[in-house]
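A quick write-up on the structure given underneath.
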Amino acid sequence: RKEVEQDPGPFNVPEGATVAFNCTYSNSASQSFFWYRQDCRKEPKLLMSVYSSGNEDGRFTAQLNRASQYISLLIRDSKLSDSATYLCVVNLNTGNQFYFGTGTSLTVIP
Amino acid sequence: GAVVSQHPSWVICKSGTSVKIECRSLDFQATTMFWYRQFPKQSLMLMATSNEGSKATYEQGVEKDKFLINHASLTLSTLTVTSAHPEDSSFYICSARDLRRASYGTDTQYFGPGTRLTVL
(Lines give C-alpha, C1' and ligand atoms only; values in the text may rest on other atoms or scores of the structure.)
Protein backbone atom coordinates (compact mmCIF):
# COMPACT_ATOMS: atom_id res chain seq x y z
CA ARG A 1 0.00 0.00 0.00
CA LYS A 2 1.34 3.42 -0.89
CA GLU A 3 2.12 5.86 1.89
CA VAL A 4 0.14 8.60 0.19
CA GLU A 5 -2.58 8.19 -2.40
CA GLN A 6 -4.26 10.73 -4.60
CA ASP A 7 -6.78 10.54 -7.39
CA PRO A 8 -4.69 11.48 -10.44
CA GLY A 9 -7.68 13.00 -12.23
CA PRO A 10 -7.71 14.77 -14.53
CA PHE A 11 -10.23 17.20 -13.13
CA ASN A 12 -11.59 19.51 -15.81
CA VAL A 13 -13.74 22.27 -14.34
CA PRO A 14 -15.19 25.51 -15.69
CA GLU A 15 -13.93 28.85 -14.51
CA GLY A 16 -15.59 29.90 -11.29
CA ALA A 17 -16.31 26.36 -10.15
CA THR A 18 -15.42 24.92 -6.77
CA VAL A 19 -13.25 21.82 -6.82
CA ALA A 20 -11.98 19.59 -4.03
CA PHE A 21 -9.17 17.08 -3.89
CA ASN A 22 -8.60 14.44 -1.29
CA CYS A 23 -5.44 12.66 -0.33
CA THR A 24 -5.20 9.68 1.99
CA TYR A 25 -2.19 8.61 4.01
CA SER A 26 -1.45 5.24 5.54
CA ASN A 27 0.75 6.03 8.53
CA SER A 28 -1.21 7.25 11.52
CA ALA A 29 2.02 8.63 13.00
CA SER A 30 2.22 11.25 10.26
CA GLN A 31 2.65 14.70 11.74
CA SER A 32 2.94 17.32 9.02
CA PHE A 33 0.92 17.77 5.88
CA PHE A 34 1.31 20.02 2.89
CA TRP A 35 -0.14 20.82 -0.49
CA TYR A 36 2.21 21.69 -3.33
CA ARG A 37 1.42 22.91 -6.78
CA GLN A 38 3.45 21.92 -9.82
CA ASP A 39 3.10 23.58 -13.18
CA CYS A 40 4.11 21.77 -16.34
CA ARG A 41 7.89 21.50 -16.65
CA LYS A 42 8.42 23.42 -13.43
CA GLU A 43 9.37 22.55 -9.88
CA PRO A 44 6.77 21.96 -7.13
CA LYS A 45 5.98 25.03 -5.09
CA LEU A 46 4.54 25.01 -1.61
CA LEU A 47 0.91 26.06 -1.73
CA MET A 48 0.03 25.69 1.91
CA SER A 49 0.66 23.71 5.04
CA VAL A 50 -2.29 21.85 6.53
CA TYR A 51 -3.01 22.41 10.18
CA SER A 52 -5.12 20.28 12.48
CA SER A 53 -7.72 22.99 12.81
CA GLY A 54 -7.90 23.54 9.09
CA ASN A 55 -6.67 26.66 7.39
CA GLU A 56 -7.66 29.01 4.65
CA ASP A 57 -5.65 31.18 2.30
CA GLY A 58 -7.84 33.24 0.02
CA ARG A 59 -9.71 30.88 -2.27
CA PHE A 60 -7.89 27.83 -0.92
CA THR A 61 -8.94 25.83 2.12
CA ALA A 62 -7.04 22.87 3.49
CA GLN A 63 -8.36 20.43 6.04
CA LEU A 64 -7.02 17.47 7.94
CA ASN A 65 -9.05 14.52 9.15
CA ARG A 66 -6.83 12.42 11.39
CA ALA A 67 -9.52 9.88 12.21
CA SER A 68 -9.97 8.98 8.56
CA GLN A 69 -6.38 9.80 7.65
CA TYR A 70 -6.97 12.17 4.82
CA ILE A 71 -6.30 15.74 3.90
CA SER A 72 -8.28 17.84 1.51
CA LEU A 73 -7.82 20.92 -0.61
CA LEU A 74 -10.77 23.04 -1.67
CA ILE A 75 -10.43 25.65 -4.38
CA ARG A 76 -13.26 28.14 -4.73
CA ASP A 77 -13.96 30.36 -7.71
CA SER A 78 -11.45 28.53 -9.91
CA LYS A 79 -9.24 30.64 -12.16
CA LEU A 80 -7.55 29.61 -15.37
CA SER A 81 -4.25 30.10 -13.57
CA ASP A 82 -5.17 27.37 -11.08
CA SER A 83 -4.55 24.77 -13.80
CA ALA A 84 -1.69 22.64 -12.49
CA THR A 85 -0.90 19.40 -10.74
CA TYR A 86 -1.53 19.43 -7.00
CA LEU A 87 0.70 17.26 -4.87
CA CYS A 88 -0.09 16.13 -1.37
CA VAL A 89 2.91 15.63 0.92
CA VAL A 90 3.07 13.94 4.30
CA ASN A 91 5.97 14.00 6.75
CA LEU A 92 6.45 11.67 9.67
CA ASN A 93 8.59 14.21 11.52
CA THR A 94 10.83 11.39 12.63
CA GLY A 95 13.50 12.19 10.13
CA ASN A 96 13.64 13.02 6.50
CA GLN A 97 10.74 10.90 5.47
CA PHE A 98 8.54 12.95 3.20
CA TYR A 99 6.00 11.08 1.17
CA PHE A 100 4.60 12.56 -2.01
CA GLY A 101 1.38 11.69 -3.68
CA THR A 102 1.46 11.21 -7.44
CA GLY A 103 -0.48 14.42 -7.91
CA THR A 104 -3.93 15.42 -9.09
CA SER A 105 -4.18 17.19 -12.41
CA LEU A 106 -6.54 20.16 -12.60
CA THR A 107 -7.50 22.01 -15.76
CA VAL A 108 -9.75 25.05 -15.47
CA ILE A 109 -11.63 25.66 -18.69
CA PRO A 110 -12.75 29.13 -19.87
CA GLY B 1 12.70 33.36 2.59
CA ALA B 2 13.37 29.70 1.79
CA VAL B 3 14.82 30.21 -1.68
CA VAL B 4 16.64 27.37 -3.40
CA SER B 5 18.61 27.78 -6.58
CA GLN B 6 19.84 25.19 -9.02
CA HIS B 7 22.47 25.43 -11.70
CA PRO B 8 22.49 24.86 -14.58
CA SER B 9 18.83 25.13 -15.50
CA TRP B 10 19.35 23.03 -18.58
CA VAL B 11 22.19 21.09 -20.11
CA ILE B 12 22.73 19.09 -23.26
CA CYS B 13 25.68 16.73 -23.35
CA LYS B 14 27.10 13.86 -25.30
CA SER B 15 26.72 10.30 -24.13
CA GLY B 16 29.57 9.28 -21.84
CA THR B 17 30.24 12.67 -20.34
CA SER B 18 29.64 13.65 -16.72
CA VAL B 19 27.35 16.43 -15.66
CA LYS B 20 27.41 18.27 -12.35
CA ILE B 21 24.32 19.97 -10.95
CA GLU B 22 24.49 22.39 -8.05
CA CYS B 23 21.77 23.03 -5.51
CA ARG B 24 22.03 25.98 -3.14
CA SER B 25 19.87 27.23 -0.31
CA LEU B 26 20.18 30.99 -0.62
CA ASP B 27 18.73 32.38 2.58
CA PHE B 28 18.81 29.50 5.03
CA GLN B 29 21.02 26.64 6.10
CA ALA B 30 19.93 23.24 4.93
CA THR B 31 21.38 20.30 6.80
CA THR B 32 19.33 18.08 4.54
CA MET B 33 18.80 18.29 0.82
CA PHE B 34 16.94 15.90 -1.44
CA TRP B 35 17.47 14.96 -5.07
CA TYR B 36 14.59 13.93 -7.30
CA ARG B 37 14.13 13.11 -10.92
CA GLN B 38 10.95 13.39 -12.89
CA PHE B 39 10.13 11.97 -16.29
CA PRO B 40 7.48 13.63 -18.45
CA LYS B 41 3.97 13.23 -17.08
CA GLN B 42 5.21 11.19 -14.16
CA SER B 43 5.49 11.94 -10.48
CA LEU B 44 8.62 12.95 -8.61
CA MET B 45 10.95 10.11 -7.79
CA LEU B 46 13.24 10.54 -4.80
CA MET B 47 16.77 9.53 -5.71
CA ALA B 48 18.68 10.29 -2.55
CA THR B 49 18.75 12.23 0.68
CA SER B 50 21.85 14.29 1.24
CA ASN B 51 23.03 15.27 4.70
CA GLU B 52 25.72 17.85 5.25
CA GLY B 53 29.03 16.28 6.14
CA SER B 54 27.96 12.68 5.67
CA LYS B 55 27.27 10.20 2.92
CA ALA B 56 24.04 10.44 1.03
CA THR B 57 21.31 7.87 1.50
CA TYR B 58 20.19 6.45 -1.83
CA GLU B 59 16.79 5.04 -2.62
CA GLN B 60 16.49 1.49 -3.80
CA GLY B 61 17.42 1.11 -7.43
CA VAL B 62 19.49 4.29 -7.63
CA GLU B 63 23.14 3.62 -8.38
CA LYS B 64 25.32 5.58 -5.99
CA ASP B 65 28.37 5.23 -8.23
CA LYS B 66 26.49 6.74 -11.13
CA PHE B 67 24.81 9.55 -9.25
CA LEU B 68 27.47 11.05 -7.01
CA ILE B 69 26.23 13.37 -4.31
CA ASN B 70 28.33 15.73 -2.28
CA HIS B 71 26.93 17.95 0.47
CA ALA B 72 30.02 19.78 1.64
CA SER B 73 28.38 22.79 3.24
CA LEU B 74 25.11 23.81 4.82
CA THR B 75 24.07 25.64 1.69
CA LEU B 76 25.38 23.52 -1.17
CA SER B 77 24.79 20.02 -2.46
CA THR B 78 25.93 18.72 -5.82
CA LEU B 79 24.74 15.84 -7.95
CA THR B 80 27.08 14.48 -10.60
CA VAL B 81 25.64 12.21 -13.24
CA THR B 82 28.64 10.19 -14.31
CA SER B 83 28.99 8.74 -17.80
CA ALA B 84 25.56 9.99 -18.75
CA HIS B 85 23.50 8.07 -21.28
CA PRO B 86 20.32 8.99 -23.14
CA GLU B 87 18.19 7.13 -20.60
CA ASP B 88 19.48 9.56 -17.94
CA SER B 89 17.76 12.41 -19.73
CA SER B 90 15.27 13.78 -17.25
CA PHE B 91 14.26 16.70 -15.09
CA TYR B 92 16.41 16.72 -11.95
CA ILE B 93 15.08 18.69 -9.01
CA CYS B 94 16.68 19.34 -5.67
CA SER B 95 14.99 20.48 -2.51
CA ALA B 96 16.19 21.69 0.85
CA ARG B 97 14.64 21.31 4.23
CA ASP B 98 14.23 24.47 6.25
CA LEU B 99 14.63 23.35 9.83
CA ARG B 100 14.02 26.86 11.15
CA ARG B 101 10.37 26.11 10.64
CA ALA B 102 10.41 22.80 12.52
CA SER B 103 9.16 24.28 15.76
CA TYR B 104 6.18 25.79 13.98
CA GLY B 105 5.15 22.50 12.46
CA THR B 106 5.72 23.89 9.00
CA ASP B 107 9.02 22.21 8.40
CA THR B 108 8.93 21.19 4.79
CA GLN B 109 10.95 21.13 1.62
CA TYR B 110 11.57 23.97 -0.78
CA PHE B 111 12.42 23.08 -4.32
CA GLY B 112 14.97 24.44 -6.70
CA PRO B 113 13.81 25.32 -10.20
CA GLY B 114 15.13 22.07 -11.63
CA THR B 115 17.72 21.09 -14.22
CA ARG B 116 16.62 19.66 -17.51
CA LEU B 117 19.26 17.19 -18.72
CA THR B 118 19.32 15.94 -22.29
CA VAL B 119 21.92 13.35 -23.20
CA LEU B 120 22.46 12.87 -26.91
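Residue numbering restarts at 1 for every chain, and letters A, B, ... go by the order of the sequence lines.
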Step by step, work out the ring pair (Phe, Tyr, Trp, His ring centres under 6.0 Å) result for B:Phe91 and B:Phe39. CA-CA 6 Å; B:Phe91 189 43; B:Phe39 293 104; over 10 Å; no
Trace of the side-chain contact (heavy atoms from CB on, under 4.5 Å) decision for A:Phe34 with B:Gln109: CA-CA 10 Å; A:Phe34 310 91; B:Gln109 299 177 43; over 6 Å; no
Centroid-to-centroid, A:Phe21 to A:Phe11, below 6.0 Å?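 Between A:Phe21 and A:Phe11, the centre distance is under 6.0 Å.
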Hey, what's the ring geometry for B:Tyr92 with B:Phe67, parallel, tilted or perpendicular (30° and 60° as the breaks)? tilted
B:Arg24 and B:Glu22 ion-paired at < 4.0 Å: yes
Salt bridge present between A:Arg37 and A:Asp39 (N-O < 4.0 angstrom):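 A salt bridge is present here (some side-chain N lies under 4.0 Å from a carboxylate O).
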Chain A contact via B:Phe111 - side chain, backbone, both or neither, heavy atoms under 4.5 Å: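 Answer is both: backbone and side chain atoms of B:Phe111 are under 4.5 Å from chain A.
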Under 4.5 Å heavy-atom distance to chain A, tell me which part of B:Gln6 shows up: side chain, backbone, both or neither. neither
Contact listing (chain B partner; residues 54-66 of chain A; heavy atom under 4.5 Å): none
Between A:Ser26 and A:Glu3, does any side-chain donor sit less than 3.5 Å from a side-chain acceptor? yes
Mind running side-chain contact (heavy atoms from CB on, under 4.5 Å) on B:Cys23 and B:Thr78 for me, showing each step along the way? CA-CA 6 Å; B:Cys23 177; B:Thr78 59; over 6 Å; no
Counting only non-hydrogen atoms closer than 4.5 Å, can you tell me which residues of residues 113-120 of chain B sit against chain A?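 So far as heavy atoms go, B:Pro113, B:Arg116 are the residues that approach chain A to under 4.5 Å.
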Apply the test side-chain contact (heavy atoms from CB on, under 4.5 Å) to residues B:Ser43 and A:Phe100: give CA-CA distance (whole Å), side-chain angles for both, the deciding distance (0.1 Å), then the verdict. CA-CA 9 Å; B:Ser43 57; A:Phe100 283 75; over 6 Å; no
Using side-chain contact (heavy atoms from CB on, under 4.5 Å), reason through A:Glu43 and A:Gln38 one step at a time and then give a plain yes or no. CA-CA 6 Å; A:Glu43 79 278 18; A:Gln38 185 175 24; 5.6 Å; no
